[in-house]
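Let me begin by presenting the structure, written as structure tokens, before commenting on it.
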Amino acid sequence: MRMVDLILKKRNGGELNEEEIRFIIEGFTNETIPDYQMSALSMAIYFNGMTEKETAALTMEMVKSGDVIDLSNIQGKKVDKHSTGGVGDKISLIVAPLVASIGIPVAKMSGRGLGHTGGTIDKLESFPGFNVELTEEQFTKQVNDIKMSIIGQTGNLTPADKRLYALRDVTATVDSIPLIASSIMSKKIAAGADSIVLDVKTGSGAFMKSFDDAKALAEEMVAIGKNVGRQTVAVITDMDQPLGFEIGNANEVKEAIEVLSGKDVNDLKTIALTIAGHMAVLGEFYPTFDEAYADLEKRMADGHALEVFRQFVAAQGGDASLVDDLSKLPQAKYETTFVAKQAGYVESIIADEVGVAAMLLGAGRATKDDQLDFAAGITLEKKVGDKVEAGDVIAVLRSNKEDMTSALERMDHAYTIGATEPEARPLVHAVIQ
Ligand code: URA
């Protein structure tokens, strides 16, 4: 087989078979296929797409390129969740203890944040002493004991995806639906889950800005799941403004704990219950989603999920007393307010811009090696649809850096205040299963 013939086949709109895709991914991983040929193939895929069969084969070959986490020593059906990322997205911190509290094991690997979106692992490190690097034995034991663990990625998972993603990034081939879908699904499958719930975001703060693109990505990932024997449900949720009121690491931990303590933060609660509901159905705890949603809503604030969260923090070396005394979370030295220049309604909030403002305060990384300021973040006082008077506080910015001018400029760009009360967008746009 020659790579040039396979590029030609794809360029001319043909379908690659499993053997050909194996040849490509094995060759690319062991570096017998050079980057320039893989770039040409990626561009051919970008223009001609891939069939369901091709996308499934590509996903599984990327899984096979590295380690696959063995969760077979964990009792019960393992259901994972994945979010395509957004601003203020602390859903995992709510959903994981909630689902674990009914006995479904949550053995989760999460990532760090880069750019305007945060990462769950970074947020958890707001607890002094929290350890995100457990051995496989510690990880398995903890999930069997308390039903929940969240750690950083271990082992050499999907090296083919890592190389391909880096190449796509510099060859204008990132935004190809089959390439994104296979990239995300290969990592979830290698992480060992039996079933997967995907939270595909749409709106100004999302990777997929339009609903149609989000739906196409969701459908493609659900199809991969079906073709490779992993039950997959995708929920398309709104990311047209930040989720909840808190952005930043300690800020988001605090808000997640508040929701688990019964605070009614509408968007967080609705989306968390939707994701948790589908996880609980896939985990075979409830027969239907409606029953799952209704029962989990009652359980959310009855203290059980919060108790699992306490045990989880303590088990991974963090100071669990912070769960009951949020003032002990990292606190910033400086604080400033962003105020309304005019009266009116908050018509829109560009979520990305709020994410960048939080990053500039120290809550996120502009480059991989940046150090985080766990206390840095933004508390929103006003969200889309709220009425404001000139001089009202719209948001409070906190940081250990005294100069917050550039973050304030970003906030100014993020918020549009106008005369018209905007129509509310749905929080859950669609469910694909
Ligand atoms: N996230 C991924 O993991 N892969 C992509 O290709 C795009 C976003």
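Counting convention: from 1, in listed order, for ligands and their atoms alike.
Shown here are the side chain to side chain donor-acceptor pair (under 3.5 Å) partners of E347, two or more places apart in sequence or in another chain: T420.
A distance limit of 4.0 angstrom between heavy atoms and ligand 1 selects the residues Y165, R168, I180, S183, I184, K187, F207.
Taking the side chain as every heavy atom from C-beta outward, T232 and M185 approach each other to under 4.5 Å. Inter-residue side-chain proximity for V281 and T288 is flagged as unmet; no heavy-atom pair is nearer than 4.5 Å. When side chains are defined from C-beta on, K90 does not count as touching V253, because their heavy atoms never get closer than 4.5 Å.
Taking the ring axis of F207 as reference, the NZ or CZ atom of K201 does not stay both within 45° of it and closer than 6.0 Å to the ring centre.
Salt bridge annotation for K209-D175: absent, with no cationic side-chain nitrogen under 4.0 angstrom from a carboxylate oxygen.
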